[in-house]
Amino acid sequence: MELNESYWTQRYLSDQTGWDIGYAAPAITHFMEQVEDKSLSILIPGCGNAYEAAYLWKNGFKNVYLLDLSELPLKKFAIENPDFPQEQLLQLDFFDLDRSFDIVIEQTFFCALNPKLRAKYVVKMNEIITLGGCLTGLLFNDPLFDDHPPFGGDKEEYTNLFKEQFNVLKMETAYNSIPQREGRELFILMQPKKRS
């Protein structure tokens, strides 16, 4: 299975978007409510319908960037949020990204990638997050599927995966998951380690 632009566009066209909860995830909005500097640059990769971005934009964060492999969710977001800058909607492969951000929000992007790309994801995240910046959001603490997304995992696997490149400040069961995911998500907060 090739998880390319065509694959994800087809998922949107056929309304196979089980990851879409219809609103911004409480664990993410609660964390972002504590961020005082609204000028920080924020990336939401694999953004989909990007409810978190709409929430942030409406709450004064104007340096928010959305990235998706498929053009469809970006177009939909632009229609629903006409004042959002077009240049902050990025249709490209995450691994081709060539700019840095202060905060990257993880919300069902990691679990959509082929697990063979997880080590590459960690390296790329380390590369694009500014020193002092962070990777935050949610990871599934659930085996899920191994032949199609969403691909699952567990805390031990993630700890081993991230520990070389990141200081893991938090990786704990989210206390404010949506009911359908209660006990099955880890809230993460990590900072890239100093690069030489």
Side-chain angles (χ1 to χ4, degrees), residues 2-9 11-12 17-21 23-25 27-29 31-32 35 40-57 61-78 80-81 84-131 133-140 144 149-153 158 161-162 165-166 168 171 174 185-192:
E2 196 173 350
L3 303 176
N4 55 18
E5 187 273 338
S6 173
Y7 171 86
W8 290 109
T9 295
R11 291 282 297 259
Y12 286 107
T17 54
W19 63 84
D20 189 322
I21 65 174
Y23 53 90
I28 293 171
T29 58
F31 175 79
M32 292 305 298
V35 176
L40 294 174
S41 59
I42 300 167
L43 173 70
I44 304 177
C47 63
N49 288 315
Y51 306 109
E52 287 78 14
Y55 167 86
L56 292 171
W57 181 255
F61 291 91
K62 299 304 180 189
N63 207 1
V64 181
Y65 288 76
L66 306 185
L67 180 148
D68 208 285
L69 204 50
S70 174
E71 186 180 25
L72 281 183
L74 295 172
K75 276 185 164 179
K76 182 172 183 276
F77 184 87
E80 292 172 353
N81 301 274
F84 192 90
Q86 286 287 323
E87 65 272 15
Q88 290 171 216
L89 300 173
L90 311 174
Q91 187 204 353
L92 71 147
D93 188 314
F94 168 73
F95 296 106
D96 293 333
L97 194 59
D98 63 355
R99 57 173 298 156
S100 58
F101 300 88
D102 300 309
I103 299 174
V104 178
I105 294 176
E106 171 55 57
Q107 166 66 321
T108 70
F109 175 58
F110 179 88
C111 70
L113 290 172
N114 186 316
K116 291 177 184 172
L117 295 174
R118 288 183 171 180
K120 190 177 177 184
Y121 166 105
V122 172
V123 170
K124 186 67 178 179
M125 282 295 181
N126 181 286
E127 179 187 310
I128 68 167
I129 298 173
T130 58
L131 284 176
C134 67
L135 170 63
T136 189
L138 297 162
L139 295 175
F140 278 113
L144 298 175
F151 301 101
Y158 303 147
L161 186 64
F162 284 95
Q165 300 271 337
F166 283 83
V168 180
M171 188 183 290
E185 289 183 309
L186 297 168
F187 176 76
I188 58 167
L189 179 60
M190 311 183 193
Q191 289 192 308

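Keep in mind the model is a prediction, meaning the values are calculated, not measured.
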Inter-residue atom distance [X].[atom1] - [Y].[atom2], 0.5 Å rounding:
X	Y	atom1	atom2	answer
I188	L135	CD1	CG	4.0 Å
I44	Y51	CD1	OH	12.5 Å
I28	L138	CD1	CG	5.0 Å
N63	S41	CG	OG	5.5 Å
E185	L139	CD	CG	9.0 Å
M190	C134	CE	SG	10.5 Å

State which residues pass side-chain contact (heavy atoms from CB on, under 4.5 Å) with [X]; sequence neighbours excluded, sorted by chain then number.
X	result
Q86	A78, L89
V35	F31, M32, L40, F61, I103
K75	E71

Would you check if [X] and [Y] make a side-chain contact, meaning some heavy-atom pair closer than 4.5 Å?
X	Y	answer
F166	I129	yes
F95	P45	no
P150	T108	no
L92	L67	yes
F94	L117	no
C47	L74	yes

All ring pair (Phe, Tyr, Trp, His ring centres under 6.0 Å) counterparts of F77, not counting sequence neighbours
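F77 satisfies ring pair (Phe, Tyr, Trp, His ring centres under 6.0 Å) with F84 only.
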By ring pair (Phe, Tyr, Trp, His ring centres under 6.0 Å), which residues pair with F140, not counting sequence neighbours?
none
Can L66 and W57 be said to form a side chain to side chain contact (heavy atoms under 4.5 Å, CB included), step by step?
CA-CA 11 Å; L66 306 185; W57 181 255; over 6 Å; no
Look only at the side chain of E52 and the backbone of A25, and say whether a donor-acceptor pair between them is shorter than 3.5 Å.
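Yes, the answer is positive, given that a donor and an acceptor are paired below the 3.5 Å cut-off.
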Applying side-chain hydrogen bond (donor to acceptor under 3.5 Å, both in side chains), name anything that partners Q88, two or more places apart in sequence or on another chain.
none
So, using side-chain hydrogen bond (donor to acceptor under 3.5 Å, both in side chains) as the criterion, who are the partners of E80 when residues are at least two apart?
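Listed in chain order: K76.
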Which pair of non-hydrogen atoms, one from M171 and one from L186, has the smallest distance, and what is that distance?
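For M171 and L186, the tightest heavy-atom pair comes out as CG-CD1, 4.0 Å.
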Would you name the heavy atoms of P73 and G48 that are closest together and state the gap between them?
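P73 and G48 have their closest heavy atoms at CB-O, 3.2 Å.
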On the 0 to 90° scale, with breaks at 30° and 60°, tag the F162-Y121 ring pair as parallel, tilted or perpendicular.
perpendicular
Can you pull the salt bridge (charged side-chain N to carboxylate O under 4.0 Å, His left out) pairs that have at least one residue in residues 91-109, sequence neighbours excluded?
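Non-adjacent pairs meeting salt bridge (charged side-chain N to carboxylate O under 4.0 Å, His left out): zero.
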Could you note down all residue pairs passing salt bridge (charged side-chain N to carboxylate O under 4.0 Å, His left out) where residues 108-118 supplies at least one of them, sequence neighbours left out?
R118-E157
